Amino acid sequence: GHLVETIDSLLVLLMTVVSLRIARVVAKPKILENRFREDGSFNSSRLREICKERNPRASRISSELTTSVNELLQLQAGDYSAVPEGAFLVFVLCFLMLLQVAIHSLTVRSLIDRTHSLAMALLLILGFHLWLEFRRFRLVGDGRDHLHSTVASMVDEAERRKDKLFLARVLHRVSVGTLMEVAMFKTRAELTHRALSLGVLDIVAKAILIDAEQKRGLA
């Protein structure tokens with residue numbers, strides 16, 4: 001009875017962990033090209049003028065945005081996972097083999113005892129792995145909150161400065177398409193709806209945002 005209950009618990013945990021890994025693969029963000037950087041493929045006289053400017057504040061914000069985006073990319077892709085995909089597949093295979101042995105050997109008491117102990121160990125391993133996945137979700141949430149705060153502060157600063165070029169000076173250094181991939185909806189709304197309503201987007205910033213949304217739609 002205890003062995004059957006333990007195996008049932010293992011199956012539930014295993015299905016949960018596998019579902020989380022499948023969801024992570026499906027929702028994995030895409031890395032999109034930044035055509036508007038200084039050596040990018042987009043070319044316009046206005047962009048060349050912006051690229052030539054040396055604005056320390058815009059450079060610091062763009063560096064902070066790039067760091068946040070890269071960290072979120074790694075977290076959402078599972079690069080910080082304690083168990084690599086290959087090792088996890090081996091673990092699942094071993095578990096299924098164990099399950100088959102347990103099902104066909106329930107009449108052998110000594111084997112049941114050994115299998116039960118191993119099943120309990122696997123239960124702890126799966127539970128730990130599930131905790132790691134939920135911890136990753138929390139880190140992604142914290143990273144998205146930080147990214148949103150940085151973007152909202154940037155838009156507020158552009159409004160205070162009354163400078164339509166400020167956002168363009170920041171955004172041309174960042175892969176905005178990738179930023180949109182990892183950001184929350186409200187963060188994307190800061191760059192599009194709110195920045196537009198505040199009148200802080202010049203033609204280059206608008207081109208960067210439109211290109212980012214097009215790339216996300218085509219990728």
Side-chain angles (χ1 to χ4, degrees), residues 24 27-80 135-219:
R24 187 174 69 196
K28 184 177 179 179
K30 298 176 285 291
I31 300 175
L32 303 175
E33 178 194 5
N34 175 18
R35 298 197 302 130
F36 294 85
R37 64 181 185 273
E38 194 166 357
D39 58 345
S41 59
F42 186 84
N43 188 24
S44 76
S45 57
R46 177 71 68 87
L47 180 61
R48 285 196 297 271
E49 291 175 8
I50 292 173
C51 290
K52 289 178 182 178
E53 294 181 12
R54 293 294 175 259
N55 189 303
R57 178 60 182 161
S59 180
R60 281 196 298 272
I61 295 175
S62 65
S63 295
E64 185 175 352
L65 287 173
T66 299
T67 299
S68 295
V69 168
N70 288 339
E71 288 177 352
L72 280 169
L73 273 174
Q74 291 179 307
L75 282 169
Q76 293 184 38
D79 291 351
Y80 292 151
R135 178 177 175 271
R136 185 179 66 84
F137 287 150
R138 182 179 60 78
L139 291 174
V140 169
D142 291 344
R144 284 177 163 179
D145 288 340
H146 178 72
L147 180 61
H148 177 78
S149 175
T150 304
V151 170
S153 298
M154 176 183 68
V155 174
D156 290 338
E157 184 169 345
E159 184 189 17
R160 288 195 305 271
R161 288 171 176 261
K162 305 298 180 186
D163 183 3
K164 283 191 172 185
L165 291 177
F166 183 71
L167 288 184
R169 292 187 187 104
V170 175
L171 296 179
H172 87 87
R173 297 179 169 95
V174 180
S175 175
V176 178
T178 308
L179 187 154
M180 297 288 200
E181 280 284 294
V182 301
M184 296 180 288
F185 174 79
K186 65 178 183 179
T187 307
R188 298 195 293 270
E190 284 285 332
L191 284 174
T192 53
H193 298 82
R194 183 162 175 263
L196 186 62
S197 66
L198 292 175
V200 293
L201 296 175
D202 79 319
I203 189 171
V204 172
K206 290 177 182 177
I208 292 172
L209 292 170
I210 291 171
D211 180 72
E213 291 293 358
Q214 288 178 337
K215 278 192 173 68
R216 290 186 67 229
L218 293 174

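What you see is a predicted model, and the numbers here were worked out from it, not measured in a lab. We number each residue from 1, following the sequence as shown.
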- [ ] Carefully, step by step, assess I61 and R173 under the rule side chain to side chain contact (heavy atoms under 4.5 Å, CB included).
- [x] CA-CA 10 Å; I61 295 175; R173 297 179 169 95; over 6 Å; no

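- Taking T66 as the reference, N70, V174 meet the side chain to side chain contact (heavy atoms under 4.5 Å, CB included) condition, with sequence neighbours excluded.
- For N55, the side-chain hydrogen bond (donor to acceptor under 3.5 Å, both in side chains) test picks out no residue, with sequence neighbours left out.
- In summary, D211 and K215 engage in a salt bridge, as defined by a charged side-chain N under 4.0 Å from a carboxylate O.
- Taking all atoms of both residues into account, the shortest heavy-atom contact from L75 to R136 is O-NH1, 2.8 Å.
- Heavy-atom minimum distance, S68 versus H146: OG-CD2, 3.2 Å.
- Of all heavy-atom pairs spanning G199 and K164, the tightest one is O-CE, 3.1 Å.
- For R160, there are no salt bridge (Lys or Arg N to Asp or Glu O under 4.0 Å) partners two or more places apart in sequence or in a different chain.
- For R57, the salt bridge (Lys or Arg N to Asp or Glu O under 4.0 Å) criterion is met by E157, not counting sequence neighbours.
- Atom CG in L167 sits 10.5 Å away from atom CZ in R161 (nearest 0.5 Å).
- In this structure, V170 and M154 have side chains that are in contact, with non-hydrogen atoms separated by less than 4.5 Å.
- Rounding to the nearest 0.5 angstrom, the gap separating the CD1 atom in I208 from the CG atom in L179 is 12.0 Å.
- Between R138 and D142, the closest side-chain pair of non-hydrogen atoms falls below 4.5 Å.
- At most 12 non-hydrogen atoms from other residues, nucleotides or ligands lie less than 6.0 angstrom from CZ of R135.
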Side-chain donor-acceptor contacts of residues 189-198 below 3.5 Å, not counting sequence neighbours, with atom names and distances?
from : atom 1 : to   : atom 2 : distance (Å)
E190 : OE1    : R194 : NH1    : 2.7
T192 : OG1    : R188 : O      : 2.8
R194 : NH1    : D156 : OD1    : 3.2
R194 : NH2    : D156 : OD1    : 2.3
S197 : OG     : H193 : O      : 3.3
S197 : OG     : R194 : O      : 2.8

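- Without hydrogens or angle criteria, S62 side chain to S59 main chain gives a donor-acceptor distance under 3.5 Å.
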TODO: Using the side chain to side chain contact (heavy atoms under 4.5 Å, CB included) rule, take M180 and K30 through it: C-alpha gap first, then chi angles, then the decisive distance, then the call.
DONE: CA-CA 10 Å; M180 297 288 200; K30 298 176 285 291; over 6 Å; no

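- Every side-chain hydrogen bond (donor to acceptor under 3.5 Å, both in side chains) that T187 has, sequence neighbours left out, goes to H148.
- A pairwise comparison of heavy atoms in S175 and L32 identifies OG-O, 2.6 Å as the closest pair.
- In this structure, D145 has no salt bridge (Lys or Arg N to Asp or Glu O under 4.0 Å) partners at least two apart in sequence or on a different chain.
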Task: Residues D163, R169; criterion side chain to side chain contact (heavy atoms under 4.5 Å, CB included); working and verdict - done: CA-CA 10 Å; D163 183 3; R169 292 187 187 104; 2.6 Å; yes

- [ ] Starting from the C-alpha separation in whole Å, work towards a yes-or-no answer on side chain to side chain contact (heavy atoms under 4.5 Å, CB included) for V182 and R144.
- [x] CA-CA 8 Å; V182 301; R144 284 177 163 179; 5.6 Å; no

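- The shortest side-chain heavy-atom distance between D202 and F166 does not fall under the 4.5 Å cut-off.
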